[in-house]
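Numbered from 1 within each chain, the chains take letters A, B, ... in sequence-line order.
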Number of protein chains: 2
Amino acid sequence: MNISTKTEYAVRALSELALNSADKPISINDICKNRNLPVKYVEQLFRKLKQNGLIKSIRGAKGGYQLALKVNNISLKDIMEAVDENYVAPFCNGKPENNVHCIGLPCGFKELWDEIKKHMEKYFDSIKLDQIVARL
Amino acid sequence: MNISTKTEYAVRALSELALNSADKPISINDICKNRNLPVKYVEQLFRKLKQNGLIKSIRGAKGGYQLALKVNNISLKDIMEAVDENYVAPFCNGKPENNVHCIGLPCGFKELWDEIKKHMEKYFDSIKLDQIVARL
DNA sequence: GCCAATTCATACTAATTTAATATGTTATCC
DNA sequence: GGATAACATATTAAATTAGTATGAATTGGC
């Protein structure tokens with residue numbers, strides 16, 4: 001139960017976008033230079049963020065990335081979901097193959113983990129990028 | 001960001017204690033037989049749970065474990081904290097050696113992670129063992 | 001048209017963490 | 001004194017995560 005490096009890097013990089021890409025796109029290279037992040041790793045994260053519609057890209061020289069949505073419309077949940085897909089993944093997901101510990105027993109744990117998951121998603125969804133950036 | 005196996009196992013095993021150890025202690029062997037958990041692994045978890053004052057033990061034959069506190073006085077947070085110490089551990093903890101990404105920059109991220117951590121702790125602390133057991 | 005800058009894509013390696021096992025000691029009941 | 005069970009530590013195995021390497025496709029500017 002912790003914030004993954006993926007999430008942390010994504011938040012850092014997206015903050016850079018939020019602050020500096022309003023008029024012209026900013027390249028991963030510049031972002032990583034500014035924020036001291038590993039270029040190739042961030043590239044991977046950005047591909048996922050793009051697939052999830054959080055950012056848009058311009059290819060070729062002078063290209064780079066910009067936010068695809070308003071800063072107040074991108075939540076920490078969106079970021080985590082994009083970059084770290086099962087960011088809330090309890091062990092028992094109710095599927096028999098993952099539930100070897102409850103053989104022959106009624107398993108009341110799935111419900112619990114589901115509830116926790118729902119709570120967390122709601123909470124992370126309430127934290128928006130603009131609030132994050134406002135504090136920097 | 002997920003519920004670790006450690007936490008899951010601990011909750012399962014403690015549920016067994018909550019249900020079946022009121023009058024006489026129950027051994028790890030029995031718990032693990034009932035709940036299909038790896039004995040030696042659970043032993044390790046129980047040592048930590050004991051160190052943290054959540055359970056008490058009776059050594060020797062006919063020995064075993066019992067809860068050291070009321071079921072409504074043991075929270076999911078207590079369990080996680082005991083068994084999975086940094087169960088909420090964001091990457092940037094404000095210490096310089098973990099904060100290489102903010103060299104020369106004011107780092108506003110620590111605050112954010114701290115706030116998240118506080119929220120989670122409060123939430124997990126609100127979930128007590130009796131509520132968990134009541135659902136099984 | 002070509003070169004540099006840049007995104008896009010995949011494969012691979014390294015490091016770290018987590019899960020699980022192995023071995024053995026100590027205490028206690030019968 | 002033997003069986004049972006907690007206690008303790010070390011080791012191995014598996015899985016995940018972080019990071020690197022390589023290279024193709026796209027585009028702007030000279």
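- For the pair A:Ile31 CD1 and C:dA5 P, the computed distance is 17 Å after rounding to whole Å.
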Do any side-chain atoms of residues 20-31 of chain A form donor-acceptor pairs under 3.5 angstrom with protein atoms, and if so which ones, sequence neighbours left out?
from: A:Asn20; atom 1: ND2; to: A:Glu16; atom 2: OE2; distance (Å): 3.0
from: A:Ser21; atom 1: OG; to: A:Leu17; atom 2: O; distance (Å): 2.7
from: A:Ser27; atom 1: OG; to: A:Asp30; atom 2: N; distance (Å): 3.2

Residues 39-53 of chain B side chain polar contacts: donor-acceptor under 3.5 Å, at least two apart:
from: B:Lys50; atom 1: NZ; to: B:Ser57; atom 2: OG; distance (Å): 3.1
from: B:Asn52; atom 1: ND2; to: B:Lys48; atom 2: O; distance (Å): 2.9

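- Note on B:Lys118 versus B:Asp114: no salt bridge recorded, every NZ/NE/NH1/NH2 to OD/OE distance being 4.0 Å or above.
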Review item, side-chain donor-acceptor pairs of residues 127-136 of chain B, under 3.5 Å, at least two apart:
from: B:Lys128; atom 1: NZ; to: B:Asp125; atom 2: O; distance (Å): 3.1
from: B:Gln131; atom 1: OE1; to: B:Lys128; atom 2: N; distance (Å): 3.1
from: B:Arg135; atom 1: NH1; to: A:Glu115; atom 2: OE1; distance (Å): 2.6

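- In this structure, CG in A:Asp78 is found 8.0 Å from CG in A:Leu69, a value given to the nearest 0.5 Å.
- Going from atom NZ of B:Lys56 over to atom P of D:dC7 covers 13 Å, rounded to whole Å.
- Rounded to a whole Å, the NZ atom of B:Lys6 is 13 Å from the C1' atom of D:dA15.
- Listed here is the closest heavy atom pair of A:Ser4 and A:Asp84: OG-OD2, 2.8 Å.
- Comparing the start and finish of the helix from C:dG1-D:dC30 to C:dC30-D:dG1, five pairs each, the helix axis swings through 10°, to the nearest 10 degrees.
- Atom CG of B:Leu112 and atom CD of A:Glu8 lie 9.0 Å apart (nearest 0.5 Å).
- Summarising the geometry, the separation between CD1 on B:Ile28 and C1' on D:dA8 is reported as 12 Å, rounded to the nearest angstrom.
- Nearest heavy atoms, B:Leu76 versus B:Thr7: CD1-CG2, 4.2 Å.
- Using a 4.0 Å cut-off, no side-chain N or O of B:Tyr9 falls inside it from OP1 or OP2 of C:dT18.
- Distance CZ/B:Phe124 to CE/B:Met80: 4.0 Å, rounded to 0.5 Å.
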(request) Classify every nucleotide of nucleotides 22-30 of chain C by which part a protein heavy atom approaches to under 4.0 Å, writing B for the base, S for the sugar-phosphate alone and - for neither, in 5'-to-3' order. (result) -BB-BBBS-
(message) If you apply the rule side-chain contact (heavy atoms from CB on, under 4.5 Å), what do you find for B:Leu67 with B:Leu14, and how did you get there?
(response) CA-CA 8 Å; B:Leu67 295 181; B:Leu14 288 175; 4.0 Å; yes
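- The base of C:dA9 sits within donor-acceptor range of the side chain of A:Arg47, with an N or O pair under 3.5 Å.
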(request) Treat primed atoms plus P, OP1 and OP2 as sugar-phosphate and everything else as base, then score nucleotides 12-17 of chain C 5' to 3': B for base contact with protein heavy atoms under 4.0 Å, S for sugar-phosphate contact only, - for none. (result) ------
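- Considering only side-chain N and O atoms, A:Thr5 lies under 4.0 angstrom from the phosphate OP1 or OP2 of D:dA18.
- Spacing between atom NZ of B:Lys24 and atom C1' of D:dT4 amounts to 16 Å, rounded to whole angstrom units.
- Taking the side chain as every heavy atom from C-beta outward, A:Tyr123 and A:Lys77 never approach each other to under 4.5 Å.
- A:Ser57 has no side-chain polar atom (N or O) that falls below the 4.0 Å cut-off from OP1 or OP2 of C:dT7.
- Here the C1' atom of nucleotide D:dT17 and the CG atom of A:Leu45 are 11 Å apart, to the nearest Å.
- For the pair B:Leu37 CG and C:dA19 C1', the interatomic distance rounds to 13 Å; values are reported in whole Å.
- Atom OG in B:Ser15 sits 6.0 Å away from atom CZ in B:Arg35 (nearest 0.5 Å).
- Distance B:Phe46 CZ to D:dA8 P: 15 Å, rounded to the nearest Å.
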